[in-house]
Amino acid sequence: MMTTPLPRRLAAEAVGTAVLATVLVGSGIRAAGLSRDGGVQLLANVLASVLALALLIALFAPVSGGHFNPLVSAAAWWSERRSGLGPTLRELGGYVLAQTAGAVLGTGLANAMFERPLVQLAGQRRAAGHLWLAEGVATGVLILLVVGLVRGGRARLLPVAVAAWVGAACWGTSSGSFANPALTLGRALSDGSTGIAPASVPAFVLAQAAGAVVGLALVPVLFGRGRDRAPDDARELLAPA
């Protein structure tokens with residue numbers, strides 16, 4: 001059972017997601033201003049984002065689990081719904097709202113820091129079957145990684161492992177691995193290389209959700225239904241003290 005007061009957990013998720021969105025969007029804007037080379041821009045953006053992600057997970061995992069992603073929170077709820085270690089369904093709703101609000105606020109902050117309007121709708125359309133497939137793969141592996149490491153008693157590896165996968169998927173998938181509904185919505189509010197047109201968001205989120213379902217379904221197939229994790233590992237990700 002989670003013992004950290006819910007308001008503190010929600011604040012941690014909102015702040016963590018906001019900072020992550022700020023770095024993600026801000027580094028994209030800065031990279032575009034420093035270089036016209038798309039590869040250099042992507043490298044700078046991915047490097048800044050994965051470093052921020054690893055540090056934020058390490059910082060906030062003891063407070064809220066350090067999810068910063070509605071689908072990671074949903075996976076924590078689903079995989080631990082019988083044990084009581086994960087968030088309740090009501091708490092999951094709070095997590096999703098806090099993460100979404102954080103992503104929107106963080107994007108607005110990044111826009112403001114680079115002298116752009118707080119809300120600047122993205123114009124980059126991302127609507128194609130291969131992009132949706134890529135989002136499903138990126139998200140499915142992310143969920144498999146998170147739940148699988150917890151199931152195997154190696155949750156302490158999550159800050160590095162999650163950041164490493166996100167970085168690899170940004171380069172190895174055609175969609176650039178958004179893999180996060182909250183950040184996908186936030187990225188629709190800044191027009192640049194990291195953006196996505198608002199009309200493209202629903203299909204991306206559906207693809208991400210489908211990938212997450214597949215990732216969760218693979219967990220018992222690959223790791224069994226037993227729980228080999230150390231109690232402290234499970235508590236850090238799913239039931240912060």
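Since the model is a prediction, treat every value here as computed from it, not as a measurement.
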Please work out which of the three classes, parallel, tilted or perpendicular, describes the rings of Phe204 and Phe178, given edges at 30° and 60°. perpendicular
Minimum-distance pair of heavy atoms, taken over all atoms of Ala155 and Val150: CB-CG2, 4.0 Å
Using every non-hydrogen atom in the two residues, find where Ser175 and Ala134 come nearest and quote the distance to one decimal. OG-CB, 3.5 Å
To the nearest 0.5 Å, tell me how far Trp171 CH2 sits from Leu42 CG. 4.0 Å
Can you give me every donor-acceptor pair (side chain of residues 56-63, partner residue at least two apart or in another chain, under 3.5 Å) with its distance?
none

Given the rule that I, L, V, M, F, W and Y join up when any side-chain heavy atoms are under 4.5 Å apart, are Val72 and Val213 in one cluster? no
Strictly distance-based, threshold 3.5 Å: is any side-chain N or O of Ser79 a donor or acceptor partner for the main-chain N or O of Ala75? yes
Set of side chain to side chain donor-acceptor pair (under 3.5 Å) partners for Arg116, sequence neighbours left out: Gln120
Please list, chain by chain and in numerical order, all residues satisfying side chain to side chain donor-acceptor pair (under 3.5 Å) with Ser190, sequence neighbours excluded. Asn111
Report whether Val205 and Tyr95 are members of the same hydrophobic cluster (ILVMFWY, side-chain heavy atoms less than 4.5 Å apart, transitive linking). no
Below 3.5 Å, can you tabulate the donor-acceptor pairs from side chains in residues 163-170 to any protein atom, sequence neighbours excluded?
{"unit_1": "Trp165", "atom_1": "NE1", "unit_2": "Ala138", "atom_2": "O", "d": "3.1"}

Hey, are the side chains of Arg90 and Leu6 touching, using non-hydrogen atoms and a 4.5 Å cut-off? yes
Main chain of Ala212, side chain of Thr139: is a donor-acceptor contact present, judged purely on distance under 3.5 Å? no
Pairs where residues 98-109 contributes a residue and the test side-chain hydrogen bond (donor to acceptor under 3.5 Å, both in side chains) is met, not counting sequence neighbours: Glu13-Gln99, Ser73-Gln99
Between Leu189 and Val201, is there a shared hydrophobic cluster once you connect ILVMFWY residues whose side-chain heavy atoms come closer than 4.5 Å? no
Nearest-0.5 Å distance that lies between atom CD1 in Ile29 and atom CD in Glu115: 11.0 Å
Taking all heavy atoms of Ala161 and all of Leu149, pick out the closest pair and write down the distance. CB-CD1, 3.7 Å
The side chain to side chain contact (heavy atoms under 4.5 Å, CB included) partners of Ala128 (sequence neighbours excluded) come to His130, Leu131
Please give me the minimum heavy-atom distance between Ala112 and Leu118, naming the atom from each residue. CB-CD2, 3.7 Å
With sequence neighbours excluded, what pairs up with Pro198 under the side chain to side chain contact (heavy atoms under 4.5 Å, CB included) test? Leu121, Ala188
Closest heavy-atom pair and its distance - Asn69, Pro181: OD1-CD, 3.5 Å
Can you find a pair of side-chain heavy atoms, one from Thr22 and one from Met113, that are under 4.5 Å apart? yes
Using the side chain to side chain donor-acceptor pair (under 3.5 Å) criterion, which residues pair with Thr184? Sequence neighbours excluded. Gln208
Is Leu183 linked to Leu185 within one hydrophobic cluster, defined over Ile, Leu, Val, Met, Phe, Trp and Tyr using a side-chain heavy-atom separation of less than 4.5 Å? no
Roughly how far, to the nearest 0.5 Å, is OG of Ser177 from CG of Leu142? 7.5 Å
With sequence neighbours excluded, residues passing side chain to side chain contact (heavy atoms under 4.5 Å, CB included) with Ala127: Arg125, Trp132, Ser200
Which residues satisfy the side chain to side chain contact (heavy atoms under 4.5 Å, CB included) test with Arg36, sequence neighbours excluded? none
With a 4.5 Å cut-off on side-chain heavy-atom distances among I, L, V, M, F, W and Y, is there a chain of contacts connecting Val219 to Leu145? yes
Donor-acceptor check, side chain of Arg81 to backbone of Trp78, threshold 3.5 angstrom: yes or no? yes
Apart from Leu97 itself, what residues make up its hydrophobic cluster when side-chain heavy atoms of I, L, V, M, F, W and Y under 4.5 Å apart count as a link, directly or indirectly? none
Show which side-chain atoms of residues 43-53 pair as donor or acceptor with protein atoms under 3.5 Å away, not counting sequence neighbours.
{"unit_1": "Asn45", "atom_1": "ND2", "unit_2": "Leu24", "atom_2": "O", "d": "2.8"}
{"unit_1": "Asn45", "atom_1": "ND2", "unit_2": "Ser27", "atom_2": "OG", "d": "2.7"}
{"unit_1": "Ser49", "atom_1": "OG", "unit_2": "Asn45", "atom_2": "O", "d": "2.8"}

4.5 Å side-chain heavy-atom contact, Thr88 and Leu92: no
Nearest-0.5 Å distance that lies between atom CG in Leu222 and atom CZ in Arg151: 10.5 Å
Do Glu91 and Arg9 meet the salt-bridge criterion of a basic N to acidic O distance under 4.0 Å? yes
Give, for atom OG of Ser193 and atom CD of Gln124, the distance between the pair rounded to the nearest 0.5 Å. 7.5 Å
Between OG1 on residue Thr17 and CG on residue Leu105, distance to nearest 0.5 Å: 10.5 Å
